[in-house]
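What follows is a short report on a single structure.
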Amino acid sequence: MDGIHESSERNVSGKYVVITGATSGIGLAAARELAARGANLGIVARNATKANAVANEIRASAGNRITVDVFIADMSSQRSIRRAANEILAKCPKIDILINNAGAMFVDHKLTEDGIEMTMAVNHIAPFLLTRLLLDRLMLSEHGRVITTSSHGHKMARKGIDFDDLSGKRYFDFFGKLKGGPNFRYGESKLANILFTTELMQRLKGTNVTAYSFDPGLVATNFNRDNGWMARMTATVMMWFARTPEKGAETMVWLADTDSKNLENGRYYVDKHVGTLSAQASNIEAAKKLWETSEEQIRMSQA
Ligand SMILES: NC(=O)c1ccc[n+]([C@@H]2O[C@H](COP(=O)([O-])OP(=O)(O)OC[C@H]3O[C@@H](n4cnc5c(N)ncnc54)[C@H](OP(=O)(O)O)[C@@H]3O)[C@@H](O)[C@H]2O)c1
């Protein structure tokens, strides 16, 4: 049996959890489990039909004891994220936990309407912006938490974040590898999740909000299934070795639910333990620089 159902922890009961990427895979499994533990949910999703179906299913299985709200946002659009954040703030007097989980991998070079490369926009700039917009409300919680889904894939960014080419002007090579270098764009975006969490923790010192990132392991989900036949074939083979979404969601649920005394602020977790980081992910200067460049990238879209 998957350990996700074995815990007796219920700290999350009665709390309000905003979660992105809960219409599929790891986020969906986590949303179901958090609701079963008594959490109220704000599901942020791009597809209203899918999100409402998930919300109805979760409400019904929780016996309507909890609230499940749906907010629509395309994580590749800063305008859309800002609109959803305004709706969340209008509706929710209290937010206890924000889970930044929505993610994708784009193997071709493509820019968003804000001029940011797609993989970096959805996987890093979206969590950065949503967190910034909801932070004041999280601070009203007794123990606010920001949890961001990273990946062991952060180790594929062997050269760290390419600050000279944030919008990926150099065209993509094979599977999102940057031409002429060893970095993979997806790896850079998942490295950004860790560096963002490190710097967020620094900036939140002295407040009651803490931040964590985690690696769910290799999980059988819809991830990378819309990137052509080769990606689908690779994903199908990898699924033989992959965990179930419930297993993949265990650390996320634990980070939301466990008592604060079990957690180290700002850390990257793997299977409910502090995980090993690449050298690039331990680079505090890079974390600061990423924060500053991300500020620029969200300011640009407002100009
Ligand atoms: N699967 C793995 O082995 C693995 C390993 C390490 C880390 N991760 C990370 O885990 C997270 C969840 O991925 P998953 O494996 O559960 O994949 P998944 O089944 O494809 O789920 C991805 C979720 O993100 C949402 N999403 C994607 N692009 C979006 C956008 N532009 N706007 C709004 N929502 C968007 C999807 O919405 P739709 O339902 O509308 O598509 C879906 O809810 C990602 O951050 C991924 O990087 C996965």
Side-chain angles (χ1 to χ4, degrees), residues 18-32 41 43-55 70-81 83-85 99-106 110-114 116-130 147-157 176 184-194 196-197 213-227 231-232 234-253 255 268-271 275:
V18 172
I19 179 167
T20 69
T23 48
S24 172
I26 299 161
L28 174 57
R32 285 175 173 147
L41 300 178
I43 291 175
V44 184
R46 62 179 160 181
N47 182 323
T49 309
K50 254 173 133 174
N52 284 319
V54 167
V70 168
F71 303 97
I72 300 305
D74 179 343
M75 290 291 147
S76 69
S77 158
Q78 295 187 25
R79 194 165 34 109
S80 178
I81 295 168
R83 197 185 322 115
I99 303 180
N100 292 308
N101 168 71
M105 182 163 96
F106 298 84
K110 201 173 157 201
L111 297 182
T112 66
E113 64 191 24
D114 306 298
I116 296 169
E117 187 279 316
M118 272 292 217
T119 306
M120 203 50 125
V122 172
N123 295 359
H124 165 62
I125 293 296
F128 181 82
L129 177 59
L130 188 61
I147 300 164
T148 303
T149 308
S150 178
S151 169
H152 47 281
H154 79 271
K155 294 177 182 169
M156 293 190 301
F184 281 84
R185 194 63 172 178
Y186 176 71
E188 271 190 56
S189 72
K190 294 286 119 180
L191 170 61
N193 294 149
I194 298 172
F196 160 65
T197 300
S213 63
F214 78 99
D215 167 31
L218 178 65
V219 191
T221 65
N222 286 329
F223 194 80
N224 196 24
R225 291 209 169 253
D226 50 2
N227 278 326
R232 264 196 312 280
T234 312
T236 304
V237 172
M238 279 163 68
M239 290 309 104
W240 293 339
F241 310 99
R243 301 169 160 194
T244 62
E246 289 72 24
K247 181 79 187 161
E250 270 183 23
T251 300
M252 181 195 284
V253 171
L255 285 168
Y268 165 76
Y269 281 86
V270 182
D271 291 337

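Numbering of ligands and ligand atoms starts at 1, following listing order.
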Could you tell me which non-hydrogen atom of Ser213 sits nearest to which non-hydrogen atom of Ser150, and how far apart they are?
-> CB-CB, 4.3 Å
Any atoms of ligand 1 less than 4.0 Å from a non-hydrogen atom of Leu218? List them with their elements.
-> 3 (O)
Would you kindly specify which portion of Ala220 sits under 4.0 Å from ligand 1, judged on non-hydrogen atoms: side chain, backbone, both or neither?
-> neither
Quick one: does Ser150 get within less than 4.0 Å of ligand 1, heavy atoms only?
-> yes
Give the single entry among Ser80, Ala31, Gly25, Gly103 that approaches atom 22 (C) of ligand 1 most closely by any heavy atom.
-> Gly103
How does Lys50 reach ligand 1, by side chain, by backbone, by both or by neither, if only non-hydrogen atoms under 4.0 Å count?
-> side chain
For Ala73, the ligand 1 atoms whose distance to one of its heavy atoms is below 4.0 Å | 32 (N), 33 (C)
Going from CD1 on Ile99 to CD1 on Ile26, what distance comes out if it is rounded to the nearest 0.5 angstrom?
-> 12.0 Å
Contact check, Arg243 vs ligand 1, heavy-atom distance below 4.0 Å | no
Report yes if some N/O of Asn101 lies less than 3.5 Å from some N/O of ligand 1; otherwise report no.
-> yes
Numbered atoms of ligand 1 (with element) below 4.0 Å of Ser151, judged on heavy atoms = 6 (C), 7 (C)
Relative to each other, are the rings of Tyr186 and Phe223 parallel, tilted or perpendicular (30° and 60° limits)?
-> tilted
Closest non-hydrogen atoms of Arg79 and Glu113, given as atom of the first, atom of the second and distance, are NH2-OE1, 3.3 Å
Looking only at distance, does Asn47 have an N or O less than 3.5 Å from an N or O of ligand 1?
-> no
Under-4.0 Å salt bridge between Arg243 and Asp271 = yes
